[in-house]
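Step one of this worksheet: look at the structure below.
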Protein chains: 2
Amino acid sequence: MAVANAAVKIPLETPVAEKRVRNRAATEQAILDAAKRLLAEEGFQNFGINAVARGAGCDKQLIYRYYGGLNGLVEAIGTDLGDWVKDRIPDDTGGMFLLTYGDLMERLALLFLDALRADPLMRRIVAWEVSENSEQVRRLSEARSKALAGWIERMRGSLTPPKGVDAQAVNAMIFAAIQHLVLSAAVSDQCAGLPLKNAKDWEKAAASLKRIVRGVYG
Amino acid sequence: MAVANAAVKIPLETPVAEKRVRNRAATEQAILDAAKRLLAEEGFQNFGINAVARGAGCDKQLIYRYYGGLNGLVEAIGTDLGDWVKDRIPDDTGGMFLLTYGDLMERLALLFLDALRADPLMRRIVAWEVSENSEQVRRLSEARSKALAGWIERMRGSLTPPKGVDAQAVNAMIFAAIQHLVLSAAVSDQCAGLPLKNAKDWEKAAASLKRIVRGVYG
DNA sequence: CTTGCTACTCACCGCTCGGTGACAGATTGG
DNA sequence: CCAATCTGTCACCGAGCGGTGAGTAGCAAG
């Protein structure tokens with residue numbers, strides 16, 4: 001029986017076609033990609049060593065070897081995250097002249113709204129951030145907020161907020177609103193009773209967002 | 001041995017005061033309380049049959065029997081949730097005359113902010129809502145939003161939003177902002193770089209919230 | 001070829017999970 | 001009294017988890 005098993009086992013493995021060439025760099029990349037894909041598509045709930053290894057098509061042992069476990073892998077995702085802003089959000093003013101701080105914030109808000117809507121990985125991370133306080137998620141959170149703050153700073157240029165407005169607090173509320181809106185919509189196509197399914201719904205949301213920004217910054 | 005066991009077991013249980021002797025109603029309540037406590041304190045991540053049974057100090061079989069499993073239990077929590085608004089948020093105007101829609105929304109926003117800050121269970125549920133789309137969480141979500149909408153409607157009275165403002169969308173953004181702000185603060189004592197630790201931080205946040213509301217509604 | 005290193009796989013561990021069937025003790029009704 | 005019923009307990013299942021030690025296949029240098 002055991003012999004028959006061994007005799008059968010070898011031909012069973014050959015038809016797998018994909019001969020995974022011994023290439024450490026490629027394997028590392030495959031693991032990282034699988035992790036990001038899995039997190040983006042399935043969320044943080046079922047995110048684990050076994051699932052990532054399965055997604056990458058390799059043994060989980062390699063994740064321990066190359067990344068030192070899940071923590072290291074998450075850290076690697078965080079590092080990648082630094083490029084998010086660069087990839088996803090334009091760094092120039094789109095040909096507009098931003099005359100006032102209000103112009104700037106309106107543009108930033110709308111850009112951020114669209115960017116977050118378009119990036120499932122980022123949404124999952126934001127949801128993770130408000131659901132757990134582990135070391136892992138804190139790293140991700142930090143990388144994210146740092147990248148975002150840098151982007152805003154770059155865009156801000158020499159514009160300064162109007163006097164008498166606590167811009168840091170107001171901006172935090174605006175970005176908080178955007179994040180919750182997008183997260184809620186991604187999960188249930190609505191937010192606080194406001195439908196967010198089709199493009200028209202989103203136009204209304206964007207219009208109200210502008211309205212809010214302008215209400216504060218003029 | 002069995003006798004000795006029994007002799008020891010009783011004094012061990014007595015300090016719990018509650019003599020848990022064959023009382024279905026009490027057990028059901030204990031399970032429900034344990035479930036709410038667990039969800040509020042530990043979050044939805046480790047929320048499961050075993051954990052609830054452990055917290056309630058009974059066998060998980062009883063959860064299946066009395067609630068039909070976790071789903072039924074969550075549904076029971078949802079039913080309880082309907083009373084949240086009644087318990088937590090005042091239903092009158094606090095002796096103020098709300099002359100304008102702006103007055104109303106400012107007051108609602110601040111009340112909601114404080115209520116959410118004070119209620120860990122509600123926060124966990126909101127975090128759950130944006131993290132998962134299971135049947136369970138949809139039920140909770142629905143119960144919550146219904147209660148909230150009813151409260152707002154009741155408070156609104158005959159006040160109507162100013163013309164030219166999409167109140168539904170604007171209000172959704174305001175409530176979204178509050179929810180994300182509070183959730184983020186509960187987990188990391190800050191939101192988008194804005195520190196939210198002590199009372200003074202929160203005062204600044206509340207001031208900015210007012211500012212935003214007034215910016216839109218005057 | 002042999003030796004040694006590297007990339008990779010496998011089998012197994014202990015644990016917790018959700019879920020179920022069988023059973024024990026108290027209570028009640030006939 | 002017995003029998004049925006209700007409340008609660010326990011042991012057990014298969015599956016999946018994170019984690020590890022031991023071993024295997026490819027490759028390059030001697």
Side-chain angles (χ1 to χ4, degrees), chain A residues 2 5-6 8-32 34-35 38-39 42-75 132 134-136, chain B residues 1-3 5-10 12-13 16 18-35 38-39 42-75 132 134-136:
Chain A
N5 240 343
V8 172
K9 198 178 176 186
I10 293 171
L12 268 183
E13 281 190 354
T14 31
V16 187
E18 292 299 330
K19 46 183 209 171
R20 293 187 45 73
V21 285
R22 301 165 59 73
N23 180 342
R24 169 158 181 170
T27 302
E28 281 184 7
Q29 192 59 48
I31 292 174
L32 186 57
L38 207 99
L39 188 52
E42 308 287 331
F44 58 93
Q45 297 259 54
N46 296 32
F47 184 74
I49 285 278
N50 290 297
V52 171
R54 231 177 288 129
C58 72
D59 196 275
K60 59 182 167 181
Q61 176 73 20
L62 297 184
I63 298 174
Y64 288 104
R65 264 219 263 288
Y66 298 156
Y67 291 95
L70 249 201
N71 284 358
L73 185 51
V74 168
E75 203 159 344
E132 203 178 329
S134 60
E135 187 58 36
Q136 289 180 10
Chain B
M1 188 57 174
V3 177
N5 240 342
V8 173
K9 198 177 176 187
I10 293 170
L12 270 181
E13 280 188 352
V16 192
E18 290 302 328
K19 45 174 200 174
R20 292 182 42 71
V21 276
R22 298 174 70 69
N23 181 343
R24 170 159 180 170
T27 302
E28 281 184 5
Q29 193 59 48
I31 292 173
L32 185 57
D33 289 346
L38 208 98
L39 187 52
E42 308 288 330
F44 59 93
Q45 295 260 53
N46 295 43
F47 185 74
I49 285 278
N50 291 296
V52 171
R54 232 176 287 129
C58 72
D59 197 277
K60 58 182 167 182
Q61 175 73 21
L62 297 183
I63 299 175
Y64 288 104
R65 266 221 267 285
Y66 298 155
Y67 290 95
L70 249 201
N71 285 358
L73 185 50
V74 168
E75 203 158 345
E132 205 178 329
S134 60
E135 186 58 36
Q136 290 180 8

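Given the structure is predicted, the values throughout are model-derived calculations rather than measurements. Chain identifiers are assigned alphabetically (A, B, ...) following the order of the sequence lines, protein sequences preceding nucleic acid strands; residue numbering begins at 1 within each chain.
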| message | Please report the distance, rounded to the nearest Å, between CZ in B/Arg54 and C1' in C/dC17. | response | 10 Å
| field | Residue whose closest nucleotide on DNA chain D lies nearer the 5' end, B/Glu28 versus A/Ile49 | value | B/Glu28
Pairs under 3.5 angstrom, nitrogen or oxygen only, protein versus nucleotides 21-23 of chain C, please.
unit_1	atom_1	unit_2	atom_2	d
C/dG21	O6	B/Gln61	OE1	3.1

| request: Taking all heavy atoms of A/Gly55 and all of A/Ala34, pick out the closest pair and write down the distance. | output: C-CB, 3.7 Å
| task | Would you list the pairs meeting side chain to side chain donor-acceptor pair (under 3.5 Å) in which at least one residue belongs to residues 58-72 of chain B, sequence neighbours left out? | result | B/Asn50-B/Lys60, B/Asn71-B/Gln136
| Between atom CG in B/Leu70 and atom P in C/dC17, what is the gap in whole Å? | 12 Å
| task | Would you mind reading off the distance between A/Ile31 atom CD1 and C/dA7 atom C1', rounded to a whole angstrom? | result | 11 Å
| message | Measuring only between side-chain heavy atoms, which start at C-beta, is B/Val52 closer than 4.5 Å to B/Ile31? | response | yes
| Is there a side-chain polar atom (N or O) of A/Tyr66 under 4.0 Å from OP1 or OP2 of C/dC8? | yes
| task | Starting from C1' on C/dC8, measure out to CD1 on A/Ile63 and report it in whole angstrom. | result | 13 Å
| Hey, does the side chain of B/Thr27 come within less than 4.0 Å of D/dG8's phosphate (OP1/OP2), counting only N and O? | yes
| Between A/Leu38 and A/Ala51, what is the shortest heavy-atom contact and its length? | CD2-CB, 3.6 Å
| So, is A/Asn50 close to the D/dG16 phosphate, meaning a side-chain N or O under 4.0 Å from OP1 or OP2? | no
| field | From D/dT7, D/dG18, C/dC8, nucleotide with atom closest to A/Lys60 side chain | value | D/dG18
| task | Establish, with yes or no, whether the OP1 or OP2 oxygen of C/dT20 is under 4.0 angstrom from a side-chain nitrogen or oxygen of B/Tyr64. | result | no
| request: Starting at atom CG of A/Asn71, determine the distance to atom P of D/dG18, rounded to an integer number of angstrom. | output: 12 Å
| query | Shortest non-hydrogen contact from A/Cys58 to A/Leu62? | reply | CB-CD1, 3.9 Å
| query | If you round to the nearest 0.5 Å, how far is OG1 of A/Thr27 from CG of A/Leu32? | reply | 12.5 Å
| task | Round to the nearest Å and state the distance from A/Leu62 atom CG to C/dT6 atom C1'. | result | 11 Å
Short N/O separations, protein against nucleotides 24-28 of chain C, under 3.5 angstrom:
unit_1	atom_1	unit_2	atom_2	d
C/dG25	N2	B/Arg22	NH1	2.5
C/dG25	N2	B/Arg22	NH2	2.3
C/dA26	N3	B/Arg22	NH2	3.2

